[in-house]
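What you see is a predicted model, and the numbers here were worked out from it, not measured in a lab. We number each residue from 1, following the sequence as shown.
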Amino acid sequence: MSSVFVLRDHPELKFILDANQVKILDVSDPTSSGSYLYSEIRSITLNEKETNWMFSIFSMLIEFWTGLGNGKIYETDANLTLITDDQKIKIGLQGADLKQVNKTIEFINEKTHLDSKLITK
């Protein structure tokens, strides 16, 4: 029996968790779509949305110096990194339901016996 976790509707991002593998369908980045056996998964890491302070401050200084504007704060979007025996897959989570992401990670942790990081905020 499969469990389906829809992390995002538009563009569609879903994980189909079978008895022996996880199938990923990522319409926004087809290169991350595929099937991965639980036995091949070495880690799954959830990287939260972060502010890139160094680039933001540099941008503000340049824009202030040139008189172009106020500058802006640059952020990196949350993403999920899946490392298997032979590849590293980075899945963007912009607009994704983080509760569903956490449930997906918990399910994969149970199947792979990993202890991956969850977002607790």
Side-chain angles (χ1 to χ4, degrees):
M1 176 129 181
S2 297
S3 297
V4 178
F5 293 90
V6 177
L7 306 183
R8 181 179 59 222
D9 289 322
H10 302 287
E12 187 177 33
L13 172 61
K14 70 179 172 182
F15 282 58
I16 303 163
L17 304 157
D18 294 327
N20 298 322
Q21 66 181 351
V22 58
K23 296 175 188 171
I24 301 172
L25 174 63
D26 186 357
V27 173
S28 69
D29 182 10
T31 61
S32 60
S33 295
S35 297
Y36 309 97
L37 294 172
Y38 294 125
S39 61
E40 295 176 346
I41 297 174
R42 296 296 157 236
S43 72
I44 183 166
T45 307
L46 181 55
N47 304 300
E48 297 181 64
K49 184 176 186 175
E50 294 179 341
T51 301
N52 185 336
W53 286 111
M54 187 71 98
F55 191 73
S56 296
I57 291 170
F58 180 72
S59 161
M60 288 179 196
L61 289 173
I62 295 297
E63 290 188 20
F64 176 75
W65 182 64
T66 60
L68 293 175
N70 303 350
K72 76 175 207 176
I73 296 187
Y74 291 89
E75 296 179 324
T76 57
D77 289 322
N79 64 72
L80 192 62
T81 304
L82 182 72
I83 298 176
T84 66
D85 286 340
D86 56 356
Q87 58 184 315
K88 180 178 180 179
I89 303 102
K90 186 174 179 181
I91 302 162
L93 297 176
Q94 185 176 15
D97 180 347
L98 293 181
K99 287 182 183 179
Q100 283 294 94
V101 172
N102 282 330
K103 287 179 184 178
T104 304
I105 291 173
E106 287 174 356
F107 193 95
I108 293 172
N109 282 343
E110 289 174 13
K111 294 289 187 178
T112 60
H113 306 292
L114 296 172
D115 186 23
S116 302
K117 177 183 156 195
L118 303 176
I119 289 182
T120 55
K121 294 180 184 177

Is the shortest heavy-atom distance from the side chain of [X] to the side chain of [Y] under 4.5 Å?
{"X": "I83", "Y": "T45", "result": "no"}
{"X": "F15", "Y": "L80", "result": "yes"}
{"X": "T76", "Y": "N47", "result": "no"}
{"X": "D29", "Y": "L13", "result": "no"}
{"X": "V22", "Y": "I41", "result": "yes"}
{"X": "D26", "Y": "R8", "result": "yes"}
{"X": "L25", "Y": "I16", "result": "no"}
{"X": "Y38", "Y": "L17", "result": "yes"}

Mind checking what makes side chain to side chain contact (heavy atoms under 4.5 Å, CB included) contact with S59, not counting sequence neighbours?
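With sequence neighbours excluded, S59 shows a side chain to side chain contact (heavy atoms under 4.5 Å, CB included) to E63, Y74, given in chain and number order.
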Output the distance between atom [atom1] ([X]) and atom [atom2] ([Y]), rounded to the nearest 0.5 Å.
{"X": "K88", "Y": "R42", "atom1": "NZ", "atom2": "CZ", "value": "16.0 Å"}
{"X": "N109", "Y": "T104", "atom1": "CG", "atom2": "OG1", "value": "10.5 Å"}
{"X": "Y36", "Y": "D86", "atom1": "OH", "atom2": "CG", "value": "9.5 Å"}
{"X": "I105", "Y": "Q100", "atom1": "CD1", "atom2": "CD", "value": "11.5 Å"}
{"X": "L61", "Y": "T66", "atom1": "CG", "atom2": "OG1", "value": "10.5 Å"}
{"X": "S33", "Y": "K14", "atom1": "OG", "atom2": "NZ", "value": "11.0 Å"}

When you look at CG of N20, are more than 12 heavy atoms from neighbouring residues, nucleotides or ligands closer to it than 6.0 Å?
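Open.
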E75 atom CD, over 12 foreign heavy atoms within 6.0 Å:
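More than 12 within 6.0 Å, yes.
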For V6 and V4, what are the C-alpha separation, side-chain angles and deciding distance, and is it a side chain to side chain contact (heavy atoms under 4.5 Å, CB included)?
CA-CA 6 Å; V6 177; V4 178; 4.3 Å; yes
Can you find a side-chain donor-acceptor pair between S2 and D18 that sits under 3.5 Å?
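Result is yes, a qualifying pair exists.
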Should L98 and V101 be marked as a side chain to side chain contact (heavy atoms under 4.5 Å, CB included) after you check the CA-CA gap, both sets of side-chain angles, and the distance that decides it?
CA-CA 5 Å; L98 293 181; V101 172; 4.2 Å; yes
Minimum-distance pair of heavy atoms, taken over all atoms of I89 and S32
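Closest heavy-atom pair between I89 and S32: CG2-CB, 3.4 Å.
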Output the rest of the hydrophobic cluster of L37: all Ile, Leu, Val, Met, Phe, Trp and Tyr residues reachable through side-chain heavy-atom contacts under 4.5 Å, sorted by chain and number.
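Direct or chained contacts put L37 with none.
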With K111, which residues qualify under salt bridge (charged side-chain N to carboxylate O under 4.0 Å, His left out), at least two apart?
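Partners of K111 by the salt bridge (charged side-chain N to carboxylate O under 4.0 Å, His left out) criterion come out as none, since no residue qualifies.
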Kindly determine whether L7 and I91 satisfy side chain to side chain contact (heavy atoms under 4.5 Å, CB included), including the steps that lead there.
CA-CA 11 Å; L7 306 183; I91 302 162; over 6 Å; no
